[in-house]
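The block underneath contains the structure these notes are about, expressed in structure tokens.
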Amino acid sequence: MLPALREASRQVYLRSREQKKLDELQDAILDEQYLFEGIELTAKEKEEFRYKRTVLELAKRGAEDLDSFEEYRMPESYDREGKVKQDRRFAVALERYKDVDGENEKMNPFAEQEAWEEHQIGKAKLQFGAANRKKKDDYEYVFEDQIDFVKADLLEGFNEDDMEMEEAEIKKSAEKSAFMQLQEERKTLPIYRYRDELLQAIDDHQVLVIVGETGSGKTTQIPQYLHEAGYTKKGRIGCTQPRRVAAMSVAARVAQELGVKLGHEVGYSIRFEDCTSDKTILKYMTDGMLLREFLGEPDLASYSVMMVDEAHERTLSTDVLFGLVKDIARFRPDLKLLISSATLDADKFSDYFDKAPIFNIPGRRYPVDLLYTKAPEADYLEAAVVTVLQIHVTQPAGDVLVFFTGQEEIEAAEEILKARTRGLGSRIAEMIICPIYANLPSDLQAKIFEETPEGARKVVLATNIAETSLTIDGIKYVIDPGFCKQKSYNPRTGMESLIVTPISKAAAQQRAGRAGRTSPGKCFRLYTAWSHQHEMEDNTVPEIQRTNLGNVVLMLKSLGIVDLVHFDFLDPPPAETLIRALEQLYALGALNDHGELTKLGRRMAEFPLDPMLSKMIVASDKFKCSEEIVTIAAMLSVGNSIFYRPKDKQVHADNARMNFHTGNVGDQIALLKVYDTWKETNYSTQWCYENYIQVRSMKRARDIRDQLEGLLDRVEIEPSSSPNDIEAIKKAITSGYFYHTAKLQKNGSYRTVKNPQTVHIHPSSGLAEVLPRWVVYFELVITTKEYMRQVIEIKPDWLIEIAPHYYKKQDVEDASSQKLPKGTGRAVMD
DNA sequence: GAGCACTGC
């Protein structure tokens, strides 16, 4: 099996090298031809000639790098079952490779250029202008079959002449007053001509699925139309968004269009910021915020219309919302429900909402040519870099956006790109490389929004952040290697991991669309048309099916939903995930034997946190350290992005971090120390820099902390503080996390007590070299090993003191022959 | 002795 795989990889490698050599040869022949015929070139032709030479040079540099290819692509690492690990991408590439001799022969992003070259060689005559026109025809012919679905979209959706006219109209109206101008602009949106039809449809049906691509104006216009039609007399109109910035900016825009002050008639509501008032009739909010609102108003009584926007994104919150609003619609016939989505899932939504009719609104987007590779690319990083360079020297002006899976790849690509363009000086245009990913410090992120100087080209290297969360103007070329990192959750072990996965067709379409926002564009897909057609899933697995549902289950329980396993989910999560979440809630004492919420459970549900964190906070009351625990909860829920660890200063960063671990107090206590020290510096940014701490994360922790502190009152917890009683703080943590206990084994690894399995302390932990006998951990992650992240040492006696229903004396005795507890006592609280 | 896709409450 493995030797075969190796051999196959060798073949892929040889094949790609061979192809490269052929390309070079072809170029060389062409070059000689110029000289041989002694043709005088015009300035423009010379420029093209220079470009070609540069391409050649770049290709040669690429070929040198190929020598390291084999080792780079074929690491000798296997997973626990002995299968080849990590290189799932390789396996995928291999699958694609099978098809090389098949129908894909003509799918090559540079077929354009090759066709042109063949043509040139044949004619042995130089006619650049004519050749350019010709190559376009060739190219279109070659790719015709592959663009059917996007092409259909483009032809129907949008006509460039219309657009120009509309733009001219907008310009004309610029002379009118700002308000009048806005009103004119509203009328140019594609949705405008469907206004009456749409209102009629909403009037006729309780639930309507609205399909409209970005740019159709649905998010800003529909609530206004409904207001104009009088719906706001019966209650406010709500519109949910998956992201905070979207909710804010859309609300601001609509307030402007209606000529009212933001926060009055039009407002938005997001976490940490409620910009609404009694007057608010159009309310934009994040989907998570609406979920929270459900707790206080389970029938949405104050709303006459609820619009769930961007439903196709299928965030965890939208999926939960679907189940809830569908239920409400049954006993509130006066409530109108609008589900709005970009094209792909409309039928599915319609079926789910009892065959609700679908209303189509065309979008406004420029056409994007889709180009596929001829043969599969075994090394997409290299392929992406080469494609960037090729675009840079052969394609007209316009910025480039490349999708990578993470920071590491982005940094690698940046380095290679810099190395290959180094020393070319003025022979190629300036290339501005902009990396962008969520953990990049904000000042460096801002770089992508700077306008590209005349004559230069911006190359944005991005993670999935550029797929939905931010849009960059001026992008004309998208390079899509076809992978992303996806979270997956194993309910059996309770472990989370990030896995590099092929993207879905829907995601690929979204990525391609990024090239056509401001002008027609091109999308270079680094996989074959065949594999796009036959191997990629239609849609990404919705988040609800690959995440821990602890807090979702707690929230649904507090809404009084008894039978969660049969709850009407659009796509039900795995039963095991639900069962594990329920089990955990039992163990924590949030549910009684009948599966109903206990008083403790109701208090826990008040916090927008994982059940274990909530339990920890509620328990802190007893140990008189709520101040400290709230800080720890806030720091833990910010995630693992607190410590900044740049590649070139890892030692400094590690030293700085270890300062907070003095006394081997454990990671959670260290986080507390980080926060308190920061607070003492009066929340100094400078201090963060000096200690290699992410300012953004700390500010977030402060926001969360403030919110949690505000909620203490609601669950009747008196603020209390015991900053020097580490034991009390650790006991409070254990009250939430006794479920996550692990015991040291002879070989230095740990064994978890619940679901016995071998785990290790994460090397970033302050206790990684201390190895206490008993630990409680915050979470389990799989990377190169199974790691416990954020651990503290505990005394086993605490377990019996804190969770007597869960641990018996023999469970925590240290005799190594003792069998570890298995499925010990169900919850017997209350 | 390691690796942090992206949101959201």
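Letters go in sequence order (proteins before strands), and every chain restarts at 1.
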Remember a base hit wins even if backbone is also touched, and classify [X] as base, sugar-phosphate or nothing at under 4.0 Å, heavy atoms.
{"X": "Arg292(A)", "result": "sugar-phosphate"}
{"X": "Gln407(A)", "result": "base"}
{"X": "Thr286(A)", "result": "sugar-phosphate"}
{"X": "Arg645(A)", "result": "base"}
{"X": "Gln650(A)", "result": "base"}
{"X": "Arg314(A)", "result": "nothing"}
{"X": "Tyr437(A)", "result": "sugar-phosphate"}
{"X": "Ser764(A)", "result": "nothing"}
{"X": "Thr463(A)", "result": "sugar-phosphate"}
{"X": "Leu316(A)", "result": "nothing"}
{"X": "Leu291(A)", "result": "nothing"}

Got a sec, which residues hit side-chain contact (heavy atoms from CB on, under 4.5 Å) with Val781(A), two or more places apart in sequence or on another chain?
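Per chain and number, Val781(A) pairs via side-chain contact (heavy atoms from CB on, under 4.5 Å) with Glu779(A), Tyr787(A), Arg789(A).
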Would the Phe322(A) and Phe349(A) ring centres measure less than 6.0 Å apart?
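Yes, the ring centres sit under 6.0 Å apart.
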Determine whether the aromatic ring centres of residues Phe483(A) and Tyr380(A) are separated by less than 6.0 angstrom.
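Tyr380(A) vs Phe483(A): aromatic centres under 6.0 Å.
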Would you grab the first and last nucleotide of DNA chain B (5' to 3') that comes under 4.0 Å of any non-hydrogen atom in chain A?
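With heavy atoms of chain A under 4.0 Å away, the range is dG1(B) to dC9(B).
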Flag side-chain contact, heavy atom, 4.5 Å: Lys283(A) against Tyr268(A):
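Of all side-chain heavy-atom pairs linking Tyr268(A) with Lys283(A), none is under 4.5 Å.
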First encountered from the 5' end of DNA chain B, between Asp654(A) and Val245(A)
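The answer here is Asp654(A).
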Toward the 5' end of DNA chain B, by each residue's nearest nucleotide, Phe607(A) or Asn439(A)
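This one resolves to Asn439(A).
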Nearest non-hydrogen partners of Gly406(A) and Thr463(A), listed with the distance:
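Closest approach of Gly406(A) to Thr463(A), heavy atoms only: CA-CG2, 3.9 Å.
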Enter the distance from Ile448(A):CD1 to Leu470(A):CG here, rounded to the nearest 0.5 Å.
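Going from the CD1 atom of Ile448(A) to the CG atom of Leu470(A) covers 4.5 Å.
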Can you measure from CD1 (Ile617(A)) to CD1 (Ile717(A)) and round to the nearest 0.5 angstrom?
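Output value for this atom pair is 7.5 Å.
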